[in-house]
Amino acid sequence: MDSTSLATVTSWCPHAPLQRVSFDWLAGVELAVLRLDLIDPLISGNKWFKLAPHLHAAAQQGARGIISLGGAHSNHLHALAAAGQRFSFPTVGLLRGEPQDTPTVRDLQRFGMQLHWLGYGGYRARHREGFWADWHARYPEFCAVPEGGGGLFGAQGCTTLVELTNEQLAVLGWADYHGWWLAAGTGTTLAGLVMGEGGRRPVYGALAVPLDHGVPEQVQALLTQAGLANAGYQLIDASRGGFARRDAELLAFMEQCEQESGLPLEPLYTAKALMALREAISNGLIRPGMRLVFVHTGGLQGRRAALLAGV
């Protein structure tokens with residue numbers, strides 16, 4: 001990265017509108033959506049907020065580019081590649097599995113990201129000691145960003161969502177709200193909200209992956225690194241049996257919500273999180289009169305792939 005790209009990256013402050021939505025099943029609960037999907041046509045969703053601190057640190061270190069990991073539908077790699085094109089720094093993507101032709105992969109190539117397919121065994125090795133040595137030798141002075149833009153930097157970048165929301169409460173006529181609701185894939189964004197709230201309001205994370213994927217441990221590790229205990233969050237299983245697991249009930253619910261609200265959803269994260277919220281209202285975890293902020297984390301790459309698959 002040169003000084004020009006550094007100045008450009010650090011000066012970009014995207015806006016995410018806060019919008020009221022209404023569904024038949026809310027049953028007296030007031031819901032506003034923080035539309036991270038609207039911050040940019042390409043660098044969309046919570047991915048930018050997780051990426052930004054990594055990019056700032058890399059620029060300060062004088063890194064020449066960024067290298068990271070993800071799958072063939074990765075929202076993280078999509079945002080990273082688009083940011084590289086926008087702000088003029090090279091990007092490298094290490095991809096899970098064998099070469100695939102997906103809309104996301106085509107975008108990554110169009111944005112100029114250099115792709116390397118690791119296979120499944122090679123991708124599993126990403127947590128082993130020494131994994132990065134060969135890649136740093138191949139791409140000297142490139143900064144490695146964790147999968148999904150995770151880690152403490154990624155969580156810290158998401159703390160700004162609290163301020164971004166509070167600045168817009170008057171537009172809704174709200175003096176305050178009672179908590180957050182969002183999908184959780186790695187727990188990084190959730191941990192950032194917990195850090196940003198500092199125990200003032202609870203954060204509810206609807207898990208898009210089964211519990212055995214390690215999200216509870218990841219969230220706790222991030223909070224421990226930040227010097228916080230369990231400062232008011234709850235994880236709820238919304239995976240419906242597995243990551244990217246879709247069924248007729250979920251897809252019908254997603255279509256109904258889109259028709260009622262005009263809110264674009266996708267089946268991997270946002271639709272599952274809203275479905276879990278409906279269940280939480282029906283079982284009394286969320287009560288009438290509560291005001292919640294639902295974080296639309298983006299993820300519309302998943303919607304695009306689902307539509308192409310005829311779902």
Side-chain angles (χ1 to χ4, degrees), residues 16-37 45-46 161-162 165-166 168-169 171-185 187 189-191 193-194 196-197 199-211 215-216 219 230-243 245-299 302-303:
L18 186 66
Q19 300 177 349
R20 288 282 293 271
V21 295
S22 179
F23 300 110
D24 291 342
W25 46 265
L26 283 174
V29 173
E30 295 184 65
L31 189 66
V33 180
L34 185 62
R35 297 289 305 274
L36 302 188
D37 60 310
N46 62 335
L161 300 181
V162 177
T165 295
N166 290 335
Q168 301 183 72
L169 291 181
V171 176
L172 306 182
W174 288 7
D176 203 352
Y177 54 102
H178 300 100
W180 297 82
W181 196 279
L182 73 157
T189 303
L190 180 143
L193 289 174
V194 174
E197 281 290 357
R200 289 184 296 271
R201 305 176 187 90
V203 181
Y204 300 94
L207 286 166
V209 298
L211 279 168
V215 175
V219 172
N230 180 350
Y233 70 92
Q234 184 170 343
L235 298 176
I236 297 154
D237 185 10
S239 67
R240 304 187 70 78
F243 179 62
R245 192 73 56 84
R246 298 176 292 212
D247 54 62
E249 183 184 5
L250 173 67
L251 296 174
F253 172 79
M254 184 175 80
E255 182 179 2
Q256 176 193 356
C257 289
E258 289 184 337
Q259 289 176 352
E260 288 184 26
S261 67
L263 189 68
L265 302 170
E266 44 69 42
L268 275 66
Y269 299 101
T270 47
K272 285 184 175 180
L274 275 181
M275 200 168 191
L277 175 58
R278 184 182 67 172
E279 183 175 346
I281 291 171
S282 68
N283 66 26
L285 174 64
I286 304 298
R287 300 178 301 280
M290 291 182 69
R291 290 174 170 169
L292 291 181
V293 175
F294 178 87
V295 181
H296 193 310
T297 50
R303 173 189 174 90

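Computed from heavy atoms alone, side chains included, the values below leave out hydrogens, waters and symmetry copies. Please read all numbers here as calculations on a predicted model, not as lab measurements. One-based numbering along the sequence shown.
- Put simply, the side chain of Pro202 does not reach to within 4.5 Å of the side chain of Gln234, judged on heavy atoms.
- Rounding to the nearest 0.5 Å gives a distance of 3.5 Å between CG of Asn46 and OG1 of Thr189.
- The structure places CZ of Phe23 at 10.0 Å from CD1 of Ile281, a figure rounded to the nearest 0.5 Å.
- Of all non-hydrogen atoms in Asp37 and Pro264, the two that sit nearest each other are OD2-CG, 3.8 Å.
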Query - Residues Leu277, Leu292; criterion side chain to side chain contact (heavy atoms under 4.5 Å, CB included); working and verdict - result: CA-CA 10 Å; Leu277 175 58; Leu292 291 181; 3.7 Å; yes

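- The side chain to side chain contact (heavy atoms under 4.5 Å, CB included) test applied to Glu249 returns Arg240, Asp247, Met275, Arg278, not counting sequence neighbours.
- Taking 4.5 Å as the limit, every side-chain heavy atom of Val219 sits out of range of all side-chain heavy atoms of Val194.
- Nearest approach of Ala206 to Ala238, heavy atoms of both residues: CB-CB, 3.8 Å.
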Report task. Before giving the answer on side chain to side chain contact (heavy atoms under 4.5 Å, CB included), spell out for Val215 and Leu190 the whole-Å C-alpha distance, their side-chain angles and the decisive distance to 0.1 Å. Result -> CA-CA 10 Å; Val215 175; Leu190 180 143; over 6 Å; no

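- Listed here is the closest heavy atom pair of Tyr269 and Gly185: CE2-CA, 4.0 Å.
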Requested in this report: Check step by step if side chain to side chain contact (heavy atoms under 4.5 Å, CB included) holds for Leu18 and Leu169.
Outcome: CA-CA 8 Å; Leu18 186 66; Leu169 291 181; 4.2 Å; yes

**Report entry** side chain to side chain contact (heavy atoms under 4.5 Å, CB included) between Arg35 and Leu263, worked out
**Finding:** CA-CA 9 Å; Arg35 297 289 305 274; Leu263 189 68; 3.4 Å; yes

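- A side-chain contact (heavy atoms from CB on, under 4.5 Å) with Leu34 is found for one member of Thr297, Leu182, Val293 and no other, namely Val293.
- The 12-atom threshold is not exceeded at CD of Glu279, counting heavy atoms of other residues, nucleotides or ligands nearer than 6.0 Å.
- To the nearest 0.5 Å, atoms CG (Leu193) and OH (Tyr233) are separated by 13.0 Å.
- Shown here for Ile236 and Leu285, the closest heavy-atom pair between the two residues is CD1-CD2, 3.8 Å.
- For the atom pair CD (Glu260) and CD (Glu255), the distance works out to 11.5 Å, reported to the nearest 0.5 Å.
- Heavy atoms only, all atoms of each residue included: Ser22 and Leu26 are closest at CA-CD1, 4.0 Å.
- Proximity of Leu250 to Lys272: side-chain heavy atoms (C-beta onward) are separated by under 4.5 Å at one or more points.
- What you find for Leu211 and Pro216 is that their closest heavy atoms are CD2-CG, 3.8 Å.
- Heavy-atom contacts from other residues, nucleotides or ligands closer than 6.0 Å to CZ of Arg200 number more than 12.
- Within the 4.5 Å cutoff, no side-chain heavy atoms of Trp181 are placed close to those of Leu31.
- The CZ atom of Arg20 lies 7.0 Å from the CZ atom of Arg291; values are rounded to the nearest 0.5 Å.
- The backbone N or O of Ile286 lies less than 3.5 Å from no partner atom in the side chain of His178, so there is not a single donor-acceptor pair.
- Tyr177 places none of its side-chain heavy atoms less than 4.5 Å from the side chain of Leu172.
- A distance of 5.5 Å separates CG of Leu274 from CG of Leu265, quoted to the nearest 0.5 Å.
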